[in-house]
Amino acid sequence: MQRPTILLLSMAALLAAGLGIGTFSSSMIFDDLSVGTGMVEVGVPLEITAEIERGAGGVYAVEIMDHTEDMSVKATVLGPLRAVTTSATIDEGVYEERFPVDETHEYTLVIETDLNPVSVTAVIGPEPDEVATSLGLFASYMLLVGVVGMIASAVYLIIQRRRINSGNYPSL
């Protein structure tokens with residue numbers, strides 16, 4: 001087998017490994033998150049609950065579907081004894097915030113609106129650990145190197161074949 005073909009195949013293997021590691025790291029991150037989707041109306045909030053361990057730190061995200069400038073919702077995270085841990089008025093399409101976790105407990109994200117009904121997707125759970133985040137970055141680098149290497153080796157292979165077919169290739 002020629003050297004460019006081996007390089008092309010190794011870059012394809014690097015891409016496959018990067019996709020596999022990326023999928024694994026994403027599943028590590030999203031396994032502990034609780035996701036909720038629904039219509040939030042006045043007096044009918046959307047509630048999502050997740051068990052979060054002490055010291056892990058918590059994170060929640062809210063996406064307002066078909067967001068316009070006049071849309072807003074109020075997001076409140078309730079901790080032990082339904083005490084308010086954090087609260088925010090969200091008038092952006094996508095919003096994310098971290099919150100402290102003082103003790104292992106079920107934390108509840110409550111999404112409310114004062115105006116028109118709003119379609120919302122929300123997530124709450126523990127912050128991803130460094131291992132999962134590092135694996136995700138490593139997978140991204142593997143994919144980048146694989147794509148660049150595959151393009152470079154394909155260009156090199158095409159140039160080599162054109163030289164051979166044109167007769168301008170120096171013989172050894």
Side-chain angles (χ1 to χ4, degrees), residues 11-12 14-151:
M11 290 300 124
L14 191 63
L15 278 172
L19 285 172
I21 292 173
T23 303
F24 177 70
S25 70
S26 293
S27 70
M28 283 178 59
I29 291 171
F30 289 109
D31 276 347
D32 296 332
L33 297 178
S34 297
V35 180
T37 302
M39 198 65 144
V40 178
E41 299 179 19
V42 177
V44 184
L46 174 67
E47 292 189 10
I48 307 160
T49 303
E51 178 82 24
I52 304 175
E53 294 182 14
R54 179 181 182 196
V59 64
Y60 73 92
V62 177
E63 179 179 6
I64 301 173
M65 304 300 175
D66 301 326
H67 179 263
T68 59
E69 285 189 29
D70 61 338
M71 287 184 171
S72 70
V73 294
K74 181 179 180 185
T76 307
V77 176
L78 304 175
L81 302 174
R82 307 239 349 136
V84 175
T85 303
T86 186
S87 182
T89 300
I90 302 167
D91 55 1
E92 306 167 9
V94 178
Y95 181 82
E96 178 183 331
E97 184 179 339
R98 288 165 171 62
F99 59 91
V101 176
D102 297 329
E103 62 182 85
T104 301
H105 197 272
E106 282 193 351
Y107 288 80
T108 303
L109 174 62
V110 180
I111 311 290
E112 301 171 301
T113 184
D114 293 335
L115 302 172
N116 302 328
V118 177
S119 180
V120 171
T121 299
V123 177
I124 185 171
E127 258 187 280
D129 62 349
E130 290 83 18
V131 173
T133 307
S134 298
L135 275 177
L137 288 173
F138 181 67
S140 298
Y141 290 134
M142 286 179 72
L143 290 172
L144 180 66
V145 169
V147 167
V148 169
M150 204 163 208
I151 291 169

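Between the CD atom in E47 and the CD1 atom in I124 there is a gap of 11.0 Å [rounded to 0.5 Å]. For the atom pair OG of S72 and CG of D114, the computed distance is 7.0 Å after rounding to the nearest 0.5 Å. Atom CE in M65 sits 6.0 Å away from atom OG1 in T37 (nearest 0.5 Å). In this structure, L135 CG and S140 OG are separated by 10.5 Å, a value rounded to the nearest 0.5 Å. For the atom pair L15 CG and L143 CG, the distance stands at 6.0 Å (nearest 0.5 Å). A distance of 9.0 Å separates OG1 of T49 from CG of L109, quoted to the nearest 0.5 Å.
In terms of heavy atoms, G125 sits closest to A50 at CA-CB, 4.2 Å. Here the closest heavy-atom approach between residue P128 and residue T133 is recorded as CB-OG1, 4.0 Å. Across every non-hydrogen atom of V62 and A75, the tightest pair is CG2-CB, 4.3 Å. G18 and M142 make their closest contact through N-CE, 3.7 Å (heavy atoms, listed as atom of the first residue, atom of the second, distance). The shortest non-hydrogen separation linking V77 to Y107 is CG1-CD2, 4.2 Å. Nearest heavy-atom pair, E112 versus P45, reported as atom, atom and distance to 0.1 Å: CG-CB, 3.7 Å.
Of the candidates V145, L144, I151, I151 is the only one forming a side chain to side chain contact (heavy atoms under 4.5 Å, CB included) with V147.
Using a 4.5 Å cut-off on side-chain heavy atoms (C-beta onward), L33 and F30 make contact. Two residues are said to be in side-chain contact when any heavy atoms from C-beta on lie closer than 4.5 Å; T113 and M71 fail this criterion. Looking at V35 and I48, their side chains never come closer than 4.5 Å, going by heavy atoms from C-beta outward. In this structure, the side chains of D91 and T89 stay at 4.5 Å or more apart for every pair of heavy atoms.
Contacts classified as side-chain hydrogen bond (donor to acceptor under 3.5 Å, both in side chains) and involving residues 54-66 (residues at least two apart or in different chains) are given here: Y60-E97.
One N or O on the side chain of S25 and one on the backbone of G22 form a donor-acceptor pair closer than 3.5 Å.
Under the salt bridge (Lys or Arg N to Asp or Glu O under 4.0 Å) criterion, R98 pairs with E96, E127, sequence neighbours left out.
Within 6.0 Å of atom CD in E53, 12 or fewer heavy atoms from other residues, nucleotides or ligands are found, so the atom counts as exposed in its surroundings. More than 12 heavy atoms of other shown residues, nucleotides or ligands fall within 6.0 angstrom of atom CG in D31.
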